[in-house]
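Inspection log for the structure reproduced underneath, given as structure tokens.
A, B, ... follow the sequence lines: proteins, then strands. Residue 1 opens every chain.
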Amino acid sequence: MLEVKNLCAKVEGNDILKGINLTVKPGEVHAIMGPNGSGKSTLSKVIAGHPAYEVTSGEVSFDVNRKQINLLELDPDVRAKEGIFLGFQYPIEIPGVSNLDFLRESFNEVCAHQGIDKLDESAFRDLLRQKLKILDMDERFLERDVNVGFSGGEKKKNEILQMAILNPRLALLDETDSGLDIDALRIVAKGVNALKSKFNAVVLVTHYQRLLDLIVPDYVHVLYKGKIIKSGDKSLALELEKRGYDWLIEESEGKKQ
Amino acid sequence: MKAEEKFKEDYKYGFVSDIEAEEFPKGVNEEIVRLLSKKKDEPEWLLEFRLKGLRQWEKMTHPSWQYCEVPPIDFQAVTYYAKPKAKKTAESLDEIDPELLATFEKLGIPLTEQKRLSGVAVDAVFDSVSVGTTHQEDLEKVGVIFCSISEAVKKHPELVKKYLGTVVPAADNFYAALNCAVFTDGSFVYIPPGVKCPLDLSTYFRINAKETGQFERTLIIADKGSYVNYLEGCTAPQRDENQLHAAIVELITFDDAEIKYSTVQNWYAGDKKGLGGIYNFVTKRGHCLGKNSKISWTQVEAGSAITWKYPSCVLIGENSVGQFYSVALTNHHMQADTGTKMIHVGKNTRSTIISKGISAEKSNNVYRGLVKIMPAATGARNYSQCDSMLIGSDCGAHTFPTIDVRNDSAVVEHEATTSKISADQIFYLRSRGFSQEKAISLIVNGFCKDVFKTLPLEFSVEAVKLIEMKLENSVG
């Protein structure tokens, strides 16, 4: 589904990603971990197409209906319409635009691109109700302006709601668990799990095992200084929880010498 | 298609109608004013009104306090009267020159009996004259007078004479004085006591003739307990020269009456390099004379090379209410210096100001406002909110609020924000499938929502489209 090959990227002149290789297949959940500043958020932003990040070398290809697309050639909105979803660490406020209008317009944009019929108002409302229920969100959410005055937890839930409506092929969730209390974390995880299928994939960027207890990853990757220094299964995350990153960093730096 | 051609297409009202016009020689002087008055077969008192205006104007100099660059205007190089040549006098709307009807139809304003818009009565002003007013009979049944001001001078001279110039006198400002001398046409509305006008009233202003100024004058009187919703639209052809539009609008409300006045201004704004466009120098003011009366201005200013206007309210009657809702968008080399004045005279008068300025490219957008609480205005309240949004880094937004309070019991609040559409905001929307342009229009429309929601529905749809169109290609 997603094939990242030797990806290097920089922002404002600083090299952040220094040769990332990552393969994600349908049905898989990947967790990207690593100390602060290792390039985790950058990786998700580069895949989603943030214009501030410059890709200096490497490839990112995305498989849509058995067709390989070079993601790096596409504008961020086209990537979104092809089924890439980025859940933001810090969701942005859009004053004056209701959540309902925002979700509907966004949904219609994606449907139009994928050749899916738009839903009429009541069918769309039904879809929304169903998704709101999974996320334990009140319908009044829809009338509020996008993220304006939302608490940290509400903002994150709103990201997952958007994801649930857009039904992406690949969801990149950037520290979706940060700033959540235990209950909100459970709800968010429930939402993500409910959306998982054998056709889509999830990449979680996180610092904490507590999220991975709830959304169990198939693969765990440790990013350090712009490279993946270790990949493993869910037990790697448990080990990191116990031992921290130092042993891995030493191991990888030792290898170099 | 070349970029310039594409841009030309962006202003879809830029066409010129091939209509022969009867024009006055260029320039303004006593002879021209007398000729104009004679041409319009006006009574002596109106000629006197004009001459007074002219003498006033001749004493005045062009103002220079505005925060925009107004190139010197040669007032003697402007044609002050241009009337489409009629083959014969039209007895009804169906007899109007087909070319004129076609022009208004192209602008989305059909005038003939069969095609006219239902639910809204339209007065169509083409260059210097009103070419027709729809639904007049329906309105007459309830006693509402809606006609061109020229017609009102003939049919209802007592009303016109009594109120013309009482809200905006000739001495008010340079362009007001000029307008008093040379105003050619415009709309007149009178709503009798207790009548809620059954239709929305609308005036559509179209400039067509070359090197011609449009000087119209609108007077709306809402008698006790009456209500009217009034809409105003304007367009002009694309030309490389600047054209002058200097209008006066006077509103008067008596006890418990309300006037809601909405404008969507889309005069030609000039090209990308700032060549051509309309100078829109307008004086709009309302007097809330009666108790509990209300005047509400809503404006969407999206056109004109220079916009220079301050729709204002003088709140004289006790408990009277003034409102000003404005979206002013400037793009390319456009300049806007706009805002309002709320003068609180009576007790417990209230006013609200919501101003949204959007600047893109190399444009300059100014909010200028005055809130004045007079000594007698015990219990007066004002709330002002002035927000500016910048798109790109070559544009400017400026706010000049003045608050003058002479009564200690007044409560005056002023809030202001300036924001810039951030790259992160745009990226957030793009990552949800919105194109760059859609993302910007979503942000901008959200920014303007508080104003757009005060517009009548069709107008608000038009306003949203207009803003989107104006911002197309402006953010790269």
Side-chain angles (χ1 to χ4, degrees), chain A residues 11-12 44-53 74-99 101-114 144-148 155 158-159 161-163 165-168 171-172 174, chain B residues 300 325-327 329 354-358 385-393 415-455 460-461 463-465 467-468 471 475-476:
Chain A
V11 62
E12 287 164 6
S44 56
K45 283 180 186 156
V46 168
I47 295 172
H50 196 301
Y53 296 84
L74 302 181
D75 281 338
D77 44 307
V78 183
R79 296 187 203 194
K81 289 182 214 172
E82 289 288 1
I84 304 266
F85 179 88
L86 174 62
F88 280 58
Q89 183 178 3
Y90 303 110
I92 310 285
E93 298 184 0
I94 310 168
V97 177
S98 80
N99 234 346
D101 290 342
F102 177 68
L103 285 164
R104 192 200 299 107
E105 300 265 319
S106 174
F107 179 76
N108 288 344
E109 290 287 338
V110 173
C111 286
H113 182 82
Q114 296 187 359
R144 292 169 63 180
D145 290 355
V146 180
N147 296 325
V148 177
K155 282 186 181 172
N158 207 27
E159 292 294 287
L161 177 66
Q162 291 169 28
M163 169 183 158
I165 294 298
L166 298 180
N167 194 18
L172 308 159
D174 189 5
Chain B
V300 176
Y325 299 101
S326 168
V327 166
L329 177 136
I354 309 277
S355 162
K356 306 277 179 174
I358 303 156
Q385 187 187 331
C386 302
D387 299 324
S388 308
M389 178 176 268
L390 302 168
I391 303 175
S393 44
E415 286 180 28
T417 66
T418 301
S419 55
K420 199 173 161 183
I421 296 187
S422 71
D424 280 336
Q425 221 175 5
I426 291 174
F427 176 62
Y428 186 64
L429 289 166
R430 296 193 77 182
S431 76
R432 298 299 180 256
F434 297 98
S435 66
Q436 170 106 356
E437 278 172 7
K438 278 216 171 121
I440 288 163
S441 87
L442 202 65
I443 295 167
V444 169
N445 283 323
F447 176 72
C448 300
K449 192 173 80 173
D450 289 344
V451 174
F452 285 167
K453 73 183 180 196
T454 68
L455 283 170
S460 100
V461 171
V464 169
K465 272 197 226 148
I467 299 289
E468 281 174 9
L471 286 175
V475 188

Contact class of [X] relative to chain B, heavy atoms under 4.5 angstrom:
X        : value
A/Leu166 : side chain
A/Glu93  : backbone
A/Pro91  : both

Set of residues satisfying side chain to side chain donor-acceptor pair (under 3.5 Å) with respect to A/Asp145, sequence neighbours excluded: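 Side chain to side chain donor-acceptor pair (under 3.5 Å) list for A/Asp145, sorted by chain: empty.
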Which value, rounded to the nearest 0.5 Å, describes the distance between [X] atom [atom1] and [Y] atom [atom2]?
X        : Y        : atom1 : atom2 : result
A/Lys81  : B/Ser435 : NZ    : OG    : 6.5 Å
B/Ile426 : A/Asp77  : CD1   : CG    : 11.5 Å
A/Ile94  : B/Gln425 : CD1   : CD    : 6.5 Å

Side-chain heavy-atom pair B/Asp424, A/His50 within 4.5 angstrom cut-off: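 Yes - at least one pair of side-chain heavy atoms lies under 4.5 Å apart.
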Carboxylate-amine/guanidinium contact B/Lys438 A/Glu109, below 4.0 Å: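 Looking at B/Lys438 and A/Glu109, the cut-off is met.
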Short side-chain to backbone donor-acceptor contact, A/Ser106 and B/Arg432, under 3.5 Å: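 Judged by distance alone, yes, a pair lies under 3.5 Å.
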Verdict with reasoning, B/Leu442 to A/Phe102, per side-chain contact (heavy atoms from CB on, under 4.5 Å): CA-CA 9 Å; B/Leu442 202 65; A/Phe102 177 68; 4.1 Å; yes
Leading residue by heavy atom contact count with chain B [cutoff under 4.5 Å; candidates A/Ile92, A/Val97, A/Val146]: A/Ile92
Between A/Pro51, A/Pro168, A/Pro95, A/Gly96, the one whose heavy-atom pairs under 4.5 Å with chain B are most numerous: A/Gly96
Considering all heavy atoms, the nearest B/Phe427-A/Gly49 contact: CE1-C, 3.6 Å
Nearest heavy atoms of B/Gly433 and A/Ala80, plus distance in Å: N-CB, 3.5 Å
Winner by heavy-atom pair count (cut-off under 4.5 Å) against chain A, out of B/Ile443, B/Asp450, B/Asn445, B/Leu429: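 The candidate making the most pairs under 4.5 Å is B/Leu429.
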Heavy-atom contact with chain A under 4.5 Å, split by part of B/Phe447: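 For B/Phe447, the contact with chain A is made by the backbone alone.
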